[in-house]
Amino acid sequence: MASVIQVRVDDDLKTRSDILFKSLGTDTTTAIRIFLTQALATNGFPFEIKRNTEIYRPLTENELLEKLSVSRAHADQGLYRDADDVLADVRAKYGI
């Protein structure tokens, strides 16, 4: 017995995906089956998921020390917020 999965996607995304998969010799339904099969085979996403590396690149030791120095100077000037207050604001804003 076969199950049916329905997914709503933007029309443009569907059209562009259809064109891409056709150029690869398959269709979107088969591509989704391949994705699901590979997810099971790898026990997760079959590709790396990461954030924009330009924004979240590792800091060098000197960059980290400089940021810590700036943070300490701000703290000495009273320019900080208590973490509990920040979390309360986030929870209130997003209803969590």
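What you see is a predicted model, and the numbers here were worked out from it, not measured in a lab.
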Not counting sequence neighbours, which residues clear ring pair (Phe, Tyr, Trp, His ring centres under 6.0 Å) with Phe45? List them please. Phe47
Summary of salt bridge (Lys or Arg N to Asp or Glu O under 4.0 Å) pairs that have at least one residue in residues 10-27, sequence neighbours excluded: Asp12-Arg16, Lys14-Asp18
For Asp84, side-chain contact (heavy atoms from CB on, under 4.5 Å) partners two or more places apart: Asp82
Indicate every side-chain donor-acceptor pair of residues 66-81 with a distance under 3.5 Å to a residue at least two apart or in another chain.
from: Ser71; atom 1: OG; to: Lys67; atom 2: O; distance (Å): 3.0
from: Arg81; atom 1: NH1; to: Asp89; atom 2: OD2; distance (Å): 3.4
from: Arg81; atom 1: NH2; to: Asp89; atom 2: OD2; distance (Å): 2.3

Mind listing the side-chain donor-acceptor pairs of residues 35-44 below 3.5 Å, one per line with the distance, residues two or more places apart or on another chain?
from: Thr37; atom 1: OG1; to: Arg33; atom 2: O; distance (Å): 2.9
from: Thr42; atom 1: OG1; to: Gln38; atom 2: O; distance (Å): 2.8
from: Thr42; atom 1: OG1; to: Gly44; atom 2: O; distance (Å): 3.1

Hey, any chance Ile96 and Leu87 share a hydrophobic cluster, counting ILVMFWY side chains that come within less than 4.5 Å of each other, even indirectly? no
Whichever hydrophobic residues join Leu24 through chains of side-chain contacts under 4.5 Å: Leu20, Phe21
Indicate, with yes or no, if Val4 and Val7 share a hydrophobic cluster defined by side-chain heavy-atom contacts under 4.5 Å among Ile, Leu, Val, Met, Phe, Trp and Tyr. no
